[in-house]
A.B. asks: 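Quick one: this structure, given as structure tokens, is what I'll be asking you about.
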Amino acid sequence: QVQLVESGGGLVQAGGSLRLSCAASGRTFSQFSMGWFRQAPGKEREFVAAITWSGATTHYTDSLKGRFTISRVYAKNTVYLQMNNLTTEDTSVYYCAADTDGRLVALPTWYDYWGQGTPVTVSS
């Protein structure tokens, strides 16, 4: 069993930055990949980024690449999402997820474990 807990969300002005954290606990494995998703009210859950356990390979939604950066610190069992130049369109609840097969996929149905989400609100 794996537990994922997100943190770092909050209220930020447009143009500002936030760094989200996802701490993993329980039984984790070296082949896990980690992903970030977001979901705004009335919209489907949207893929943001994913990273392999080694950190050698990352995958981003094209529209977010350059503004958002995913990384991980293995000693802390933590994955991060650095978000820069935020706009009101980035307002969502952000979720982290784990894929036990180590894939870099954009479909939420392929992920095995999910956190409860951390809300991000960007004001204008």
Side-chain angles (χ1 to χ4, degrees):
Q1 187 174 344
V2 175
Q3 296 83 43
L4 305 175
V5 180
E6 303 97 334
S7 62
L11 177 65
V12 64
Q13 293 184 3
S17 299
L18 283 175
R19 189 176 76 162
L20 306 182
S21 300
C22 176
S25 61
R27 192 170 186 178
T28 59
F29 300 92
S30 61
Q31 73 272 20
F32 278 24
S33 62
M34 301 293 296
W36 283 98
F37 293 78
R38 66 185 186 181
Q39 187 167 21
K43 300 184 67 176
E44 296 181 351
R45 190 161 295 188
E46 176 189 15
F47 173 76
V48 175
I51 189 169
T52 59
W53 182 257
S54 68
T57 306
T58 58
H59 178 55
Y60 296 89
T61 293
D62 287 341
S63 62
L64 300 178
K65 189 175 183 179
R67 289 199 301 122
F68 288 15
T69 303
I70 189 170
S71 62
R72 66 193 308 167
V73 176
Y74 306 105
K76 298 180 179 179
N77 290 322
T78 301
V79 63
Y80 301 94
L81 183 69
Q82 179 68 45
M83 306 186 295
N84 298 324
N85 298 316
L86 289 164
T87 74
T88 56
E89 295 182 355
D90 297 316
T91 296
S92 287
V93 177
Y94 285 74
Y95 300 87
C96 70
D99 173 24
T100 57
D101 292 317
R103 298 165 295 192
L104 295 177
V105 293
L107 297 176
T109 53
W110 288 97
Y111 288 81
D112 303 292
Y113 300 99
W114 292 85
Q116 294 299 307
T118 184
V120 172
T121 302
V122 183
S123 62
S124 61

A.B. asks: Partners of F37 by ring pair (Phe, Tyr, Trp, His ring centres under 6.0 Å), sequence neighbours excluded?
C.D. replies: F47, Y111, W114
A.B. asks: Is the shortest side-chain heavy-atom distance between Y94 and E6 below 4.5 Å?
C.D. replies: no
A.B. asks: Does Y113 belong to the same Ile/Leu/Val/Met/Phe/Trp/Tyr cluster as W110, with side-chain heavy atoms less than 4.5 Å apart forming each link?
C.D. replies: no
A.B. asks: Identify whether W36 and I51 are in the same connected component of the hydrophobic contact network (ILVMFWY, side-chain heavy atoms under 4.5 Å).
C.D. replies: yes
A.B. asks: If you take all heavy atoms of G8 and T118, which pair is closest and at what distance?
C.D. replies: N-OG1, 4.2 Å
A.B. asks: Tabulate below the donor-acceptor pairs under 3.5 Å that side-chain atoms of residues 69-81 make, not counting sequence neighbours, or state none.
C.D. replies:
{"residue": "R72", "atom": "NH1", "partner": "T52", "partner atom": "O", "Å": "2.9"}
{"residue": "Y74", "atom": "OH", "partner": "W53", "partner atom": "O", "Å": "2.5"}
{"residue": "Y74", "atom": "OH", "partner": "S54", "partner atom": "O", "Å": "2.3"}
{"residue": "Y74", "atom": "OH", "partner": "G55", "partner atom": "N", "Å": "2.6"}
{"residue": "T78", "atom": "OG1", "partner": "K76", "partner atom": "O", "Å": "2.8"}

A.B. asks: Listing request: all salt bridge (Lys or Arg N to Asp or Glu O under 4.0 Å) pairs with a residue in residues 103-120, at least two apart in sequence or in separate chains.
C.D. replies: D99-R103, D101-R103
A.B. asks: Mind checking whether L64 and V122 sit in one hydrophobic cluster, side chains of I, L, V, M, F, W, Y counted as touching below 4.5 Å?
C.D. replies: yes
A.B. asks: Among residues two or more places apart or on two chains, list those pairs meeting salt bridge (Lys or Arg N to Asp or Glu O under 4.0 Å) that have a residue in residues 79-96.
C.D. replies: R38-D90, R67-D90
A.B. asks: Any salt bridge (Lys or Arg N to Asp or Glu O under 4.0 Å) pairs touching residues 79-88, not counting sequence neighbours?
C.D. replies: none
A.B. asks: Indicate every side-chain donor-acceptor pair of residues 9-26 with a distance under 3.5 Å to a residue at least two apart or in another chain.
C.D. replies:
{"residue": "S17", "atom": "OG", "partner": "N84", "partner atom": "OD1", "Å": "2.9"}
{"residue": "S25", "atom": "OG", "partner": "Q3", "partner atom": "OE1", "Å": "3.3"}

A.B. asks: Please report the interatomic distance CG(L4) to OH(Y95), rounded to the nearest 0.5 Å.
C.D. replies: 13.0 Å
A.B. asks: Report whether L107 and M34 are members of the same hydrophobic cluster (ILVMFWY, side-chain heavy atoms less than 4.5 Å apart, transitive linking).
C.D. replies: no
A.B. asks: What pair of heavy atoms forms the shortest contact from F32 to A98, and how long is it?
C.D. replies: CD2-CB, 4.2 Å
A.B. asks: What distance separates T58 OG1 from L104 CG, expressed to the nearest 0.5 Å?
C.D. replies: 8.0 Å
A.B. asks: If you group Ile, Leu, Val, Met, Phe, Trp and Tyr by side-chain heavy-atom gaps below 4.5 Å, do V48 and Y60 land in one group?
C.D. replies: yes
